[in-house]
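Chain naming here is simple, since letters A, B, ... match the order of the sequence lines and numbering starts at 1 in each.
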2 protein chains.
Amino acid sequence: MGLPKNITDRPILGVIQNKSLREHVLEMLRNAIVNGEMKPGQNLVEADLAAQLGVSRAPLREAINILNAEGLLETVPYHGTTVTKLARKDIEDLYSIRSLMEGFAVQRLIALGQAEAVAERLRNICADMMRAADEGNLREVNLIDRHFHDTLVASSQNELLVMLWGTVSLRVRQVMSLRNEKKGNLHEIARNHLAIVEAIAAADTDRSVRLVHHHIGSTGDLIAEGWEKDSDDSPNTGPLPSTADF
Amino acid sequence: MGLPKNITDRPILGVIQNKSLREHVLEMLRNAIVNGEMKPGQNLVEADLAAQLGVSRAPLREAINILNAEGLLETVPYHGTTVTKLARKDIEDLYSIRSLMEGFAVQRLIALGQAEAVAERLRNICADMMRAADEGNLREVNLIDRHFHDTLVASSQNELLVMLWGTVSLRVRQVMSLRNEKKGNLHEIARNHLAIVEAIAAADTDRSVRLVHHHIGSTGDLIAEGWEKDSDDSPNTGPLPSTADF
DNA sequence: CGATCTTCGACTGTCGACAGATCGCCTTCC
DNA sequence: GGAAGGCGATCTGTCGACAGTCGAAGATCG
């Protein structure tokens, strides 16, 4: 990772992406949702949206159906499609599952004898994260954080887990974008990750899993605390506990 | 569960199902896949299938997209859609995840103080299973088994888990229908389930989780053993180890 | 005879139009 | 004045047709 210092690192001509309209629309909608540009509860009118995107309703509907299956949208027949609401309970559920999955991934990767190799890759990611933290670049730290956890899950070499993680990961991104960003201590975040990496490097399954559970669990609690309790879709706007965020 | 002895248990008029064509098609395809009527690797031609089902390609395509998201179908652009193949590794991955999820559900339900209530419901299900086993009705035992595990997962009261379980559960059904059914000892199956129930009733988290992991793990191993090793889509047709199946 | 180019066919991707359903408004009747 | 029922606007669900793409069979040239 990290930004290439040299422009020649990149190919001259970008890859021409011949993706179908459905893929384009899917990506756009997904991004809009997980980036919080489309707010939970918001209604989608197919014709309007199709016109706005400059496509017909067919590929749009196909994209909507996929997002439905992923749980980011909810369609009630003949009535309409809305962005799925996020209640506090959903956050808690989400972070339990996330914790479960990442804990499992760590356990698997160690069992597979990949501890040292994976730790090496994660160390590099942490270094990138440290650099981004030095620059106070929250956005970049976020991105690298995602990369870290994606790498962790992928290292389990369990395809099904990776697939399910895709869904969970999107939800996490949505939650993170929805709550008011409080940058906390970026360096502390990086340190937290490094602790996990070292436990993995030591091939200490119990400690690794415990650290992962603790890391994710406390984050989830923190975010859930800042969420409107009674349900609905948005975090309250009051002061958030200011500490490491993810 | 169990068959109602009395016809008056059912409503006089069945619910009029106003489901959309997409829903109908979706259900049909999904069933065809998880029941093994559509074999892994099999190709789908949209026009043919649409004609066969008596619908246009639009709702069919929407259904296909959803099944793609669920991982039961795989579409490569401009080339076609096929039923996802199942290699031995996939079975192993599947059963690890299943074990993970059900174990988590058990742990959660006990933590929620639902142990006794859930155990009661599960006991009833086991009783039904026992009855079906007495009749040697493999199909019914299968159905009740599904109900048992669905109940277990639902008892976690974690909506996201339930949603993800939907995907996993479908895969499990597919695998079970694909391997040559060997009935094993139906009563032993029921007994295995009962052991789990009693551990739950005792609110013994560790033992419950261990039993669940063992139960599912050994089943997965068993099925994986009977699968063609080198990949591909089908179990070998040689003799299978004959013991409890799920 | 073999390799490359060209056509052809079959299938997927997309579109615009029509059919069906729901909800809110308005009328009508008590 | 209030409730039941009809009417219409609006949106979703479905359809048939067209355009784009890919692989394979055949044609062309060395």
Side-chain angles (χ1 to χ4, degrees), chain A residues 13-33 38-85, chain B residues 13-33 37-85 233:
Chain A
L13 297 172
V15 188
I16 45 166
Q17 41 208 26
N18 197 7
K19 285 190 286 193
S20 63
L21 286 188
R22 177 189 58 226
E23 295 296 330
H24 271 283
V25 171
L26 180 58
E27 198 171 318
M28 281 192 176
L29 284 183
R30 219 185 338 230
N31 283 337
I33 295 172
M38 302 187 75
K39 296 274 186 284
Q42 182 172 341
N43 203 4
L44 318 195
V45 176
E46 294 179 4
D48 295 354
L49 198 52
Q52 184 183 325
L53 294 172
V55 301
S56 83
R57 283 177 51 218
L60 171 64
R61 279 177 62 89
E62 294 189 357
I64 288 179
N65 280 319
I66 295 175
L67 292 170
N68 254 298
E70 287 177 357
L72 293 179
L73 291 180
E74 277 177 349
T75 297
V76 6
Y78 291 110
H79 196 282
T81 300
T82 57
V83 180
T84 304
K85 291 197 172 190
Chain B
L13 297 173
V15 188
I16 45 165
Q17 40 207 26
N18 197 7
K19 284 189 287 193
S20 63
L21 286 188
R22 177 189 59 226
E23 295 295 330
H24 270 283
V25 171
L26 180 58
E27 197 173 319
M28 280 192 175
L29 285 183
R30 215 178 352 221
N31 282 336
I33 295 172
E37 292 151 24
M38 302 188 74
K39 295 273 186 284
Q42 182 172 339
N43 204 3
L44 316 197
V45 177
E46 293 179 4
D48 295 355
L49 198 52
Q52 183 183 324
L53 294 172
V55 301
S56 84
R57 283 177 52 220
L60 171 63
R61 278 177 63 88
E62 295 190 357
I64 288 179
N65 280 319
I66 294 174
L67 292 170
N68 254 298
E70 287 177 357
L72 293 179
L73 290 180
E74 278 177 349
T75 297
V76 3
Y78 291 110
H79 196 282
T81 300
T82 57
V83 180
T84 303
K85 291 196 173 190
D233 53 24

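Here C:dT14 presents its C1' atom at 12 Å from CD of B:Glu46, a figure rounded to the nearest Å. Counting to the nearest Å, the C1' atom of D:dG13 and the NE2 atom of A:His79 are 15 Å from each other. One atom, CG of B:Leu49, and another, P of C:dA10, lie 19 Å apart when rounded to the nearest Å. For the pair B:Leu21 CG and C:dA21 P, the interatomic distance rounds to 11 Å; values are reported in whole Å. Between the P atom of D:dT14 and the CG atom of B:Leu53 lies a distance of 13 Å, rounded to the nearest Å. Counting to the nearest Å, the P atom of C:dG9 and the CG atom of B:Asp48 are 18 Å from each other. Separating the CD atom of B:Glu62 from the C1' atom of D:dT12 is a distance of 10 Å, rounded to the nearest angstrom. A straight line from NZ of A:Lys19 to P of D:dT21 spans 16 Å, rounded to a whole angstrom.
If you check every strand for non-hydrogen atoms under 4.0 Å, A:Leu60 touches nothing. Using a 4.0 Å heavy-atom distance criterion, B:Leu44 is classed as a sugar-phosphate-only contact.
If you check D:dT14, C:dG13, C:dC23 against the side chain of B:Arg22, the one that comes closest is D:dT14. Listed nucleotides: D:dT14, C:dT12, C:dT14. Nearest to the side chain of B:Val45: C:dT12. In this structure, of D:dG13, C:dT12, C:dT14, it is D:dG13 that holds the atom nearest to the side chain of A:Pro77. Among D:dC15, C:dT22, C:dC15, the nucleotide with an atom closest to any side-chain atom of B:Ala58 is D:dC15. For A:Tyr78, counting side-chain heavy atoms from C-beta on, the closest listed nucleotide (D:dG16, C:dG13, C:dT22) is C:dT22.
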Worked check of side-chain contact (heavy atoms from CB on, under 4.5 Å) between A:Leu26 and A:Glu23 = CA-CA 5 Å; A:Leu26 180 58; A:Glu23 295 296 330; 4.3 Å; yes

In sequence, state the C-alpha distance, the side-chain angles, and the governing distance for A:Val25 and A:Glu62, and then conclude on side-chain contact (heavy atoms from CB on, under 4.5 Å).
-> CA-CA 9 Å; A:Val25 171; A:Glu62 294 189 357; over 6 Å; no

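Taking for each of A:Ser56 and B:Thr81 the nucleotide of DNA chain C with the nearest heavy atom, the 5'-most of the two is the partner of B:Thr81.
Each of B:Leu73, B:Thr84, B:Leu44 was scored for a side-chain contact (heavy atoms from CB on, under 4.5 Å) with B:Leu67, with one residue passing: B:Leu73.
Distance check, rounded to the nearest 0.5 Å: CD of A:Glu46 to CD1 of A:Ile64 gives 5.0 Å. Taking CG of A:Asn43 as the reference point, atom CE of A:Met38 lies at 9.0 Å (rounded to 0.5 Å).
Phosphate proximity of C:dT12 to B:Arg57: absent, as no side-chain N or O sits under 4.0 Å from OP1 or OP2. Distances shorter than 4.0 Å separate some side-chain N or O of A:Arg61 from OP1 or OP2 on D:dG13.
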